[in-house]
Amino acid sequence: MTSGHEARERTITEASRLPEVDEAAADLRDLVHVLARSAADSGRRTSFDDVLAAFGHTRESLAAVKDDDLLAT
């Protein structure tokens, strides 16, 4: 059985570790994202030029668009 003083001291010590617990939780969330992404990754990559072509554009056609034209849409 612990005394009230020991319980308060343990609570203070545990509270001082909260930043460590928060950091560990953030690391675990990052790890889950990495594992999920690597499990779902087919390895297929699409180039920017292929994406532009799929929408009927080229790098040159994008460069020719004036800023005012973009704001008007």
Side-chain angles (χ1 to χ4, degrees):
M1 187 164 166
T2 61
S3 70
H5 176 74
E6 291 172 342
R8 282 189 300 276
E9 188 174 300
R10 185 173 57 248
T11 301
I12 291 169
T13 301
E14 290 169 359
S16 69
R17 295 191 64 205
L18 284 177
E20 293 174 40
V21 172
D22 286 341
E23 185 175 345
D27 289 346
L28 286 173
R29 282 190 297 273
D30 290 345
L31 178 60
V32 166
H33 288 122
V34 167
L35 290 174
R37 190 166 186 174
S38 66
D41 185 7
S42 67
R44 182 174 176 264
R45 301 294 181 262
T46 304
S47 74
F48 184 61
D49 292 323
D50 289 343
V51 172
L52 288 175
F55 288 97
H57 289 284
T58 64
R59 290 177 187 252
E60 292 76 23
S61 70
L62 286 183
V65 175
K66 296 183 175 133
D67 290 340
D68 293 339
D69 293 339
L70 293 175
L71 296 175
T73 59

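When reading the values below, keep in mind they use all heavy atoms of this one structure, side chains included, and skip hydrogens, waters and symmetry mates.
- For Leu52 against Thr58, the heavy-atom pair with the smallest separation is CD1-C, 3.8 Å.
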Compile the donor-acceptor pairs under 3.5 Å between side chains in residues 41-51 and protein atoms, sequence neighbours left out, one pair per line.
residue	atom	partner	partner atom	Å
Asp41	OD1	Gly43	N	2.8
Asp41	OD1	Arg45	NH1	3.0
Asp41	OD2	Arg45	NH2	3.0
Ser42	OG	Arg44	N	3.2
Ser47	OG	Asp50	N	3.1
Ser47	OG	Asp50	OD2	3.2
Asp49	OD1	Arg59	NE	2.6

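- Residue Ala15 comes nearest to Pro19 through the heavy atom pair O-CD, 4.2 Å, listed as atom of the first residue, atom of the second, then distance.
- Residue pairs meeting the salt bridge (Lys or Arg N to Asp or Glu O under 4.0 Å) criterion with at least one member in residues 20-35, sequence neighbours excluded, are Arg17-Glu20.
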